[in-house]
Amino acid sequence: MEKIELRKARDFGQLFNDSISFLRINFKSFFGAIFFLAGPFVILTGLLMGYLQFITEKLTTANLFSGGGARSMFIGSSVSTTLLFILIFLLTTLVTNASIALYFKLYDKATPQELPIQRSNISPLLANACLQLFYNLLLLVLISGVIGLALVGIFYILFLIPVINVLLVPVLFLAYVILLPALIYVLSVANFIVIRDNILITAAIGKALRYLRGNFWWTWLLMFCTVISLTMIYFLFNTPYLVLTLINTFTRRAASLNGIAPTKSLWYVVFGALSTLGSMLIMSPIFSCFCIFNFYNHEERHEGTSLM
């Protein structure tokens, strides 16, 4: 089987084309492994998300048509479902990211004769990889919380100064547009580096940032083009969910005038599952693929590990 070499310095066109070629050649193996390993968790997360949205609609309907007893029942159900959703969503994210990272780690070391990578090669390593990502996620949340509090304090003081207050808003918006794609790239590729190199998330982020020097605008353009392309896929999977929400908004207003409570529980659950399925099993692997190819490109330009 043909192998797309990861450890290779590429220009922008080669990077984009080879990423697409990788997805095309390894489509069945790559997406199949992720679907069978993470798919059950993703589907469960989607069903819970749809049911949670249904409960939210029920709360609104109960507020319009019922008394406090009905609202109390739905509020209790909403809280328990939300907590369950958060736990399942966390597990789903860990399994999905670990499956993607392990696939590329094994693919990097495999010879053409050992391809395609099978899910049986990934599954024995999955539990340990999820645990590794979990405690690194806790470390990242802790560090991000400290940095976030420091930034809030700094901006609070700056906003108290009238002149800076006026100038700071457009500067922050420009910084957001420029830095957000690079930040998403660094955090995404850091999960892969944690699994590949068995290092902490802080060291992984440091490595990604070190390789990003001199390649910032290259990476920004790649992330921008990738996000624009994936946006079409996002709307494809989320259009039914958005249309249902829009229709239900108008029907609820009409029903409030007639005293009739609308119910669309099944459609919320189905469309919620479809939305999550597209986001986590299609968009996330594709985006990670472009990030990982870009990282190997940076690594080769800095280290030349393939030559060694």
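It should be emphasised that the depicted structure is a prediction, and the values quoted were computed from it without experimental measurement.
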Q: Please test Q118 against N121 for side chain to side chain contact (heavy atoms under 4.5 Å, CB included), starting from the C-alpha separation and ending with a verdict.
A: CA-CA 5 Å; Q118 303 295 329; N121 304 124; 3.5 Å; yes
(Q) Taking side chain to side chain donor-acceptor pair (under 3.5 Å) as the cut-off, I'd like each qualifying pair that reaches into residues 202-213, sequence neighbours left out, listed once. (A) D197-K207, Y211-E303
Let me have the donor-acceptor pairs involving side chains of residues 218-230, under 3.5 Å, with sequence neighbours excluded, atom names and distances please.
unit_1 : atom_1 : unit_2 : atom_2 : d
W218   : NE1    : N294   : OD1    : 3.4
T219   : OG1    : N215   : O      : 2.9
T219   : OG1    : N294   : ND2    : 3.2
T219   : OG1    : H298   : NE2    : 3.3
W220   : NE1    : V177   : O      : 3.2
W220   : NE1    : I178   : O      : 3.4
T226   : OG1    : L222   : O      : 2.7
S229   : OG     : C225   : O      : 2.9

(Q) Suppose the criterion is ring-ring contact (aromatic ring centres under 6.0 Å, His included): which pairs have a residue in residues 171-203, not counting sequence neighbours? (A) F192-Y296
Q: Apply side chain to side chain donor-acceptor pair (under 3.5 Å) to N17 and list each qualifying residue two or more places apart in sequence or on a separate chain.
A: none
(Q) Tell me every residue that passes side chain to side chain donor-acceptor pair (under 3.5 Å) with R119, counting only those two or more places apart in sequence or in another chain. (A) none
Q) Looking at OG of S284 and CG of N97, how far apart are the two atoms once the value is rounded to the nearest 0.5 Å? A) 5.5 Å
Q | I122 versus A33, closest heavy-atom pair with distance | A | CD1-CB, 4.1 Å
**Q.** Within 6.0 Å of CZ in F35, more than 12 heavy atoms from elsewhere
**A.** no
**Q.** salt bridge (Lys or Arg N to Asp or Glu O under 4.0 Å) contacts touching residues 83-108 (sequence neighbours left out)
**A.** R7-D108
Q | D11: partners by side chain to side chain donor-acceptor pair (under 3.5 Å), with sequence neighbours left out | A | none
Q | Under the side chain to side chain donor-acceptor pair (under 3.5 Å) test, residues paired with K3 that sit two or more places apart | A | none
Q: Provide the full list of salt bridge (Lys or Arg N to Asp or Glu O under 4.0 Å) pairs with a residue in residues 182-193, sequence neighbours left out, each pair given once.
A: none
Q. Roughly how far, to the nearest 0.5 Å, is CG of D18 from NZ of K8?
A. 5.5 Å
Q) When rounded to the nearest 0.5 angstrom, what distance separates CD1 in I100 from OG in S188? A) 8.0 Å
Q: Hey, could you give me the CD1/CG distance between I184 and L180, rounded to the nearest 0.5 Å?
A: 4.0 Å
Q.
Working to the nearest 0.5 angstrom, can you tell me the gap between S288 OG and I34 CD1?
A. 8.0 Å
Which atom pairs, one a donor and one an acceptor, fall under 3.5 Å between side chains of residues 131-145 and the rest of the protein, sequence neighbours left out?
unit_1 : atom_1 : unit_2 : atom_2 : d
Q132   : NE2    : V194   : O      : 3.1
Q132   : NE2    : N198   : OD1    : 3.4
N136   : OD1    : I201   : N      : 2.6
N136   : ND2    : Q132   : O      : 2.6
S144   : OG     : L140   : O      : 2.7

**Q.** Closest non-hydrogen atom pair between A190 and I205, with its separation
**A.** CB-CG1, 3.8 Å
(Q) If hydrophobic clusters are built from ILVMFWY residues whose side chains come within less than 4.5 Å, do I147 and V152 share one? (A) no
Q. Looking only at heavy atoms, what is the nearest atom pair of V189 and I292, with distance?
A. CG2-CA, 4.4 Å
Q) Which pairs with one or both residues in residues 19-44 pass side chain to side chain donor-acceptor pair (under 3.5 Å), sequence neighbours excluded? A) S29-Y103
Q. Ring pair (Phe, Tyr, Trp, His ring centres under 6.0 Å) between F31 and F27: does it pass, once the steps are laid out?
A. CA-CA 6 Å; F31 288 100; F27 181 87; 4.9 Å; yes
**Q.** Closest non-hydrogen atom pair between A38 and L281, with its separation
**A.** CB-CD2, 4.3 Å
**Q.** Contacts of F22 that satisfy ring-ring contact (aromatic ring centres under 6.0 Å, His included) - sequence neighbours left out
**A.** F30, F104, Y107, F293
Q) For the hydrophobic clusters of this structure (ILVMFWY residues joined by side-chain heavy atoms under 4.5 Å, transitively), does one cluster hold both W217 and L212? A) yes
Q | Ring centers of F89, F41 separated by less than 6.0 Å | A | no
(Q) If you apply the rule side chain to side chain contact (heavy atoms under 4.5 Å, CB included), what do you find for T93 with M280, and how did you get there? (A) CA-CA 8 Å; T93 303; M280 303 199 73; 3.8 Å; yes
(Q) Under 4.5 Å between side-chain heavy atoms, counting indirect links through other Ile/Leu/Val/Met/Phe/Trp/Tyr residues: same cluster for L87 and V42 or not? (A) no
Q. Can you name the closest pair of heavy atoms from A208 and V186 and give their distance?
A. CB-CG1, 4.1 Å
Q: Look up atom CG in N297 and atom CD in E300, then write down how far apart they are to the nearest 0.5 Å.
A: 8.5 Å
